[in-house]
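Before any comments, here is the structure.
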2 protein chains.
Amino acid sequence: MSKKITIYDLAQMLNVSPATVSRSLNNHHSISDATKKRILEKAEEVGYRTNKFAANLSNQKSNTIGVIVPRLNSYFMSTVLAGIEQVANEVGYNLIISQSLESEEKEKINAKTLLDSGVDALLVSLANDSKDYKHFEHFTTRKIPLLFFDRVIDLPHCPTILIDNLSAGYEAGKHLIEQGCTNLMHISGNLKRKLYEDRYKGFKNALLEHQLEINDYTLIETDLDPKNIQSVIETITGSPKKIDGIFVASDNYAANCIKELKKAGIRVPQDIKVVGFNNDPVSEIISPNLTTINYPGHKMGVLAGESIIAHLKGSINLQSTNTILLRHQLITRESSSN
Amino acid sequence: MSKKITIYDLAQMLNVSPATVSRSLNNHHSISDATKKRILEKAEEVGYRTNKFAANLSNQKSNTIGVIVPRLNSYFMSTVLAGIEQVANEVGYNLIISQSLESEEKEKINAKTLLDSGVDALLVSLANDSKDYKHFEHFTTRKIPLLFFDRVIDLPHCPTILIDNLSAGYEAGKHLIEQGCTNLMHISGNLKRKLYEDRYKGFKNALLEHQLEINDYTLIETDLDPKNIQSVIETITGSPKKIDGIFVASDNYAANCIKELKKAGIRVPQDIKVVGFNNDPVSEIISPNLTTINYPGHKMGVLAGESIIAHLKGSINLQSTNTILLRHQLITRESSSN
DNA sequence: AATTTTTGTGCAATCGGTTGCATTATTAAA
DNA sequence: TTTAATAATGCAACCGATTGCACAAAAATT
């Protein structure tokens, strides 16, 4: 029981060849039903378990998908991962998940490790400070499908899944303006990442469209880590013209902003209206409830998983599809009402 | 470039044997430095990448650790996973993560898949409805180390990492009593899981110690999913004796309770005091801030990872250590003040 | 100079499945 | 009844790295 049983053992027990055993286990058509049954039953009886290493070596594939994310402990990311895992699991794919912790260096190492581990495909959401993408070339040259989601770059033959951040930013800005705000601010994530750049661009477009002033206080670039929120609050309160509308690139950060603003005696939404991003659960917990852009993380994960698996199974060719845009949606709540 | 290079290719290029190449790549002592250098350089030059399948097959190990969790998109769990990933990554281990989605059936399948995938160790947090643990026996019989965290069971030779839920529950109860509550309620998760059972037991002990009544309203068992919170709120408001203190087994659920209680016109903490569990970020966002039990998820992950890796490297023997208890801590905030 | 050690490499088996091709048994067609 | 077609199974090479053992060359010892 404790020593592992191979197809050779089974073959010997049943007086057939290992080839027949292998074919039976894989339900190959050229084996008679009787033999198959006999072999399957014996395999079950003696607790045979296939050795994936050997099978992988032979098949040159692992039924494994690699995932690299900046960090896995954010509501959004864990939701995406949950989606990916769910679809992958259903069709028998395993997920090797690693985090770059926002470091390009780690991202490179992780990519290499996953390459060596023989993942059949790679899903990536980029680290904030990744600037060089050579580490992904190994995958493309080896024709290992590579898909970017959320924090994406445009690489030849690599599809991307994301939302239309440009118009999401625009809608957020426009909404604040329609609510009567005239002195707007955007608290952004790292602008090296296109999604943040786009959100800001869209936001700025809304301002431009309404001839609102754009100045030094229109944009604050942060790492979206609530730890360093104090300086941001100071910037807000220190603005010469009173800020009356803020669009924050993450709900979590927005919630913390509201909390700190309240502490500073600033009322939300009366003094400042706030719009967040993602529709995290926290947006409905914070008081006032947070107006936000719904960003369907789970759906994104499911889609990423399904796309890559469909590609692996050969049913679609992802290389040609370049960008999949998910629908987003402004959800208005108390934090921007008047 | 695009076709993969093996040690045989390298051997041929350099007129040495594959064995020498292999040994060089693994920095075996019996190879001269000159040869090693020559081989390493060539390997680098031609972009050699080791084939893990072959290496794993030969070594009978994968440098991979399997993880099964109920779901990966909860703040607590994703934090634990982040901790595990971090330490595993640092020492070159990969993590295959799968979720049971609270289903015993899926947990079984996942365990099987991970066994087949040849993980060197398995870390598990159990699904709520798991009742049968035979699927883990394969691991123990094959001497694959198995460690449970958070939602644990006592299996021979399997260490567990958790906090002292009994005393945490007791402290939560005692705190509410000290704040003047006399009519207490506990909103629990699935009592099949020992951690929830223990939290309730501890809580009950506090009540007993202070001669407080225990009745039908003392305990509500839920799945801790905010979706079905309404019936719980109704139970609270419908209690003949007004409930004035609630201990909730998760911060997220507690936050939602507070939100709904406020909607129902019940003031927290004036009418009802609330204590949560986990010290999620949401506990500091909700107003009033939530008194809670700090449960160090990241630390738990790090510890789980470190333990299992130390065991794999042979530096410690986990089989003998049976339980690792992490320190928890009551954090008092507004939701239970008076 | 002869012998023993030490060092550095190679041979070949092994890990456990997979699969193209050959072979035999069986059934259908002529 | 003979021949062609079909079905079922086995042989043996292959996937790519690892490693015990043998062996030759170089260094150390007597």
Side-chain angles (χ1 to χ4, degrees), chain A residues 2-40 42-43 46-64 92 113 115-120 142 144, chain B residues 2-40 42-43 46-64 92 113 115-120 142 144:
Chain A
S2 80
K3 54 179 53 176
K4 50 235 155 257
I5 287 162
T6 72
I7 55 167
Y8 296 94
D9 300 325
L10 280 176
Q12 205 166 9
M13 295 179 201
L14 297 166
N15 268 318
V16 293
S17 75
T20 303
V21 175
S22 172
R23 291 195 175 98
S24 294
L25 294 169
N26 291 311
N27 199 26
H28 193 281
H29 65 272
S30 74
I31 302 292
S32 75
D33 290 345
T35 317
K36 264 183 207 166
K37 185 155 172 270
R38 211 158 60 91
I39 291 175
L40 265 331
K42 193 68 177 180
V46 300
Y48 167 82
R49 309 259 72 205
T50 178
N51 181 322
K52 285 261 176 84
F53 302 151
N56 289 346
L57 175 57
S58 195
N59 293 326
Q60 302 289 351
K61 59 176 301 234
S62 62
N63 265 262
T64 292
T113 312
L115 181 67
D116 286 347
S117 301
V119 295
D120 295 339
R142 277 160 216 241
I144 298 172
Chain B
S2 79
K3 53 178 56 175
K4 50 235 154 261
I5 288 161
T6 72
I7 55 168
Y8 296 94
D9 300 326
L10 280 176
Q12 204 166 12
M13 295 180 201
L14 297 166
N15 269 317
V16 292
S17 75
T20 303
V21 175
S22 172
R23 291 196 176 98
S24 295
L25 293 170
N26 290 310
N27 199 25
H28 194 280
H29 65 271
S30 74
I31 302 290
S32 75
D33 290 345
T35 321
K36 263 183 207 166
K37 184 155 173 268
R38 211 158 61 91
I39 292 175
L40 266 332
K42 194 68 177 178
V46 300
Y48 167 82
R49 308 258 73 204
T50 179
N51 182 322
K52 284 261 176 84
F53 302 150
N56 290 345
L57 175 59
S58 197
N59 293 326
Q60 302 289 352
K61 61 176 300 233
S62 63
N63 266 262
T64 292
T113 312
L115 180 67
D116 286 347
S117 300
V119 295
D120 296 339
R142 276 159 215 241
I144 298 172

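We name chains A, B, ... by the order of the sequence lines, and we start the count at 1 in each one.
Between A:Ser32 and D:dA7 there is no side-chain N or O to OP1 or OP2 distance below 4.0 Å. Distances shown here put every side-chain N or O of B:Gln60 at or beyond 4.0 Å from the OP1 or OP2 atom of D:dT18. Residue A:Tyr48 has a polar side-chain atom (N or O) positioned under 4.0 Å from OP1 or OP2 of C:dG17. The side chain of B:Asn51 contributes no N or O atom lying less than 4.0 Å from OP1 or OP2 of D:dC15. At D:dG16, none of the side-chain N or O atoms of B:Ser22 fall inside 4.0 Å of OP1 or OP2 (strictly under the cut-off).
At whole-Å resolution of the value, CG in A:Leu14 and P in D:dA8 are 18 Å apart. A straight line from NE2 of B:His28 to C1' of C:dT9 spans 12 Å, rounded to a whole angstrom. Straight-line distance from the CZ atom of A:Phe53 to the P atom of C:dG17: 12 Å, rounded to whole Å. B:Ile39 places its CD1 atom 12 Å from the C1' atom of C:dG10, with the value rounded to the nearest Å. Atom-to-atom, CD1 of A:Ile5 to P of C:dC15 comes out at 15 Å; the value is rounded to the nearest Å. Between A:Leu57 atom CG and D:dT18 atom C1' the separation is 12 Å, expressed in whole Å. Put simply, CG on A:Leu10 is 12 Å from C1' on C:dG16, counting in whole angstrom units. Atoms CG (B:Asn56) and C1' (C:dT14) sit 15 Å apart, rounded to a whole Å.
The side chain of B:Thr6 has D:dG16 as its nearest neighbour among C:dG16, C:dT18, D:dG16. In the set D:dT9, D:dG16, C:dG17, D:dT9 carries the atom at the smallest distance from any side-chain atom of A:Ile31. Each of C:dC15, C:dA12, C:dT19 was ranked by its minimum atom distance to the side chain of A:Asn59; first place goes to C:dT19. The side chain of A:Thr20 sits closest to D:dG10 out of D:dG10, D:dG16, C:dT18. Of the candidates C:dG17, C:dC15, D:dC11, the closest approach to any side-chain atom of A:Ala19 belongs to D:dC11.
A donor-acceptor contact under 3.5 Å is formed by the side chain of A:Ser58 with the base of C:dG17. For B:Arg23 against D:dG20, a side-chain N or O and a base N or O form a donor-acceptor pair under 3.5 Å.
Using a 4.0 Å heavy-atom distance criterion, A:Asp9 is classed as making no nucleic acid contact. Note on A:Val16: only backbone sugar-phosphate atoms sit closer than 4.0 angstrom, heavy atoms only; bases stay farther off.
Mapping B:Ile7 and A:Asp33 onto DNA chain D via the closest heavy atom, the residue that lands nearer the 5' end is A:Asp33. In this structure, A:Ser30 and A:Tyr8 both approach DNA chain D, and ranking their closest nucleotides by distance from the 5' end singles out A:Ser30.
Between A:Lys4 and A:Asn51 there is no side-chain heavy-atom pair separated by less than 4.5 Å. Put simply, the side chain of A:Lys52 does not reach to within 4.5 Å of the side chain of A:Asn63, judged on heavy atoms. Annotation: side chain of A:Thr50 is not in contact with side chain of A:Leu25 (no heavy-atom distance under 4.5 Å).
The distance from atom OH of A:Tyr48 to atom NZ of A:Lys42, rounded to the nearest 0.5 Å, is 15.0 Å.
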Report the C-alpha separation of B:Lys37 and B:Leu40 in whole Å, then their side-chain angles, then the decisive distance to 0.1 Å, and conclude whether the side-chain contact (heavy atoms from CB on, under 4.5 Å) test is met.
CA-CA 5 Å; B:Lys37 184 155 173 268; B:Leu40 266 332; 5.9 Å; no
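No side-chain donor-acceptor contact under 3.5 Å links A:Ser117 to the backbone of A:Val119.
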